[in-house]
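Numbers here are sequence positions counted from 1.
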Amino acid sequence: FVGLVFVFLLAQVIPLEFLLTVTGAALFYGAISLNYYPLLTSFQPAHEMGEKIKELEPNEPVLYTYRLSNSKRSYAFYSDRNFRNIYDTEKLKSLWADHPKRLLVVPTEYLVQLKDAAGNGYEIEVVMEKDSYKIATPTIAFLKKETRPLVTKKISLIWLKKVQGKNEII
């Protein structure tokens, strides 16, 4: 009731068409925020993965990723470290030269490519796998529970470990 009185009072000063457009948009975005924002943020695994990364690798200054978009820097933010993407086998080889294992954030769909790039000298151990969705662009397909699995992607936090006795990347 108070909202209606407010709209009618403002209609005396602001053109009604403009007021209704702005009020409608505000109500629409308010409803989306209240109803869907918690759902959207539940598909953002960076905070949870960041906590796990800090727990498992407390003293590492850099978070390495493979085939993860540079716009996904929140993983590094929540793990309190810098963000570096690994693009080639030589970089991978040099980074793991002095470490028997390291954590890596990888879209699950690229785990096979990572295994191929690393070669027989390394093995992958999945620590955590979570559904992910870019919350800045919600779509009807995401908002519908039936079609949500079609638009979400899985992100994995993995240990990339040197296999004992095999320290060369092929």
Following the transitive rule for hydrophobic clusters with a side-chain heavy-atom cut-off under 4.5 Å over Ile, Leu, Val, Met, Phe, Trp and Tyr, establish whether [X] and [Y] coincide in one cluster.
X    : Y    : value
I155 : V126 : no
F142 : Y29  : yes
Y110 : I158 : yes
M49  : L68  : yes
L40  : F28  : yes

Counting only heavy atoms not in [X], do more than 12 sit closer than 6.0 Å to its [atom1] atom?
X    : atom1 : result
K115 : NZ    : yes
L150 : CG    : yes
K161 : NZ    : yes

Task: salt_bridge(K101, E125) N-O dist < 4.0 Å - done: no
Using side-chain heavy atoms (C-beta onward) and a distance below 4.5 Å, is [X] in contact with [Y]?
X    : Y    : result
L104 : T65  : no
E48  : E51  : no
L56  : M128 : no
L160 : L92  : yes
Y78  : L63  : no
L103 : W159 : yes
V62  : L95  : no

Looking only at heavy atoms, which two atoms of [X] and [Y] are closest? And how far apart?
X    : Y    : result
D131 : K154 : OD1-NZ, 2.8 Å
S79  : K54  : O-CG, 3.4 Å
I53  : R81  : CG2-CZ, 3.5 Å
R67  : P107 : O-CG, 3.2 Å
D98  : K162 : N-NZ, 4.3 Å
T89  : A117 : CG2-O, 3.4 Å

Task: Verdict with supporting geometry, Q44 and S74, side-chain hydrogen bond (donor to acceptor under 3.5 Å, both in side chains) - done: CA-CA 9 Å; Q44 294 298 294; S74 58; 5.4 Å; no
Task: Listed partners of Y75 passing ring-ring contact (aromatic ring centres under 6.0 Å, His included), at least two apart - done: none
TODO: Taking ring-ring contact (aromatic ring centres under 6.0 Å, His included) as the test, write out the residues that go with Y66, two or more places apart.
DONE: none
TODO: Apply side chain to side chain contact (heavy atoms under 4.5 Å, CB included) to V106 and L111, showing your working.
DONE: CA-CA 7 Å; V106 184; L111 284 175; 4.1 Å; yes
Atom pair [atom1]/[atom2] of [X] and [Y] - distance to nearest 0.5 Å:
X    : Y    : atom1 : atom2 : result
N82  : F77  : CG    : CZ    : 13.0 Å
T147 : I140 : OG1   : CD1   : 9.0 Å
E57  : H99  : CD    : NE2   : 7.5 Å

Task: Parallel, tilted or perpendicular: rings of Y122 and W96 (30°, 60°) - done: perpendicular
Task: Side-chain donor or acceptor of R102 paired with backbone N/O of E60 under 3.5 Å - done: no
Open item on the list: Between T139 and Y133, is the side chain to side chain contact (heavy atoms under 4.5 Å, CB included) condition met? List the steps.
Closed with: CA-CA 10 Å; T139 62; Y133 185 76; 3.3 Å; yes
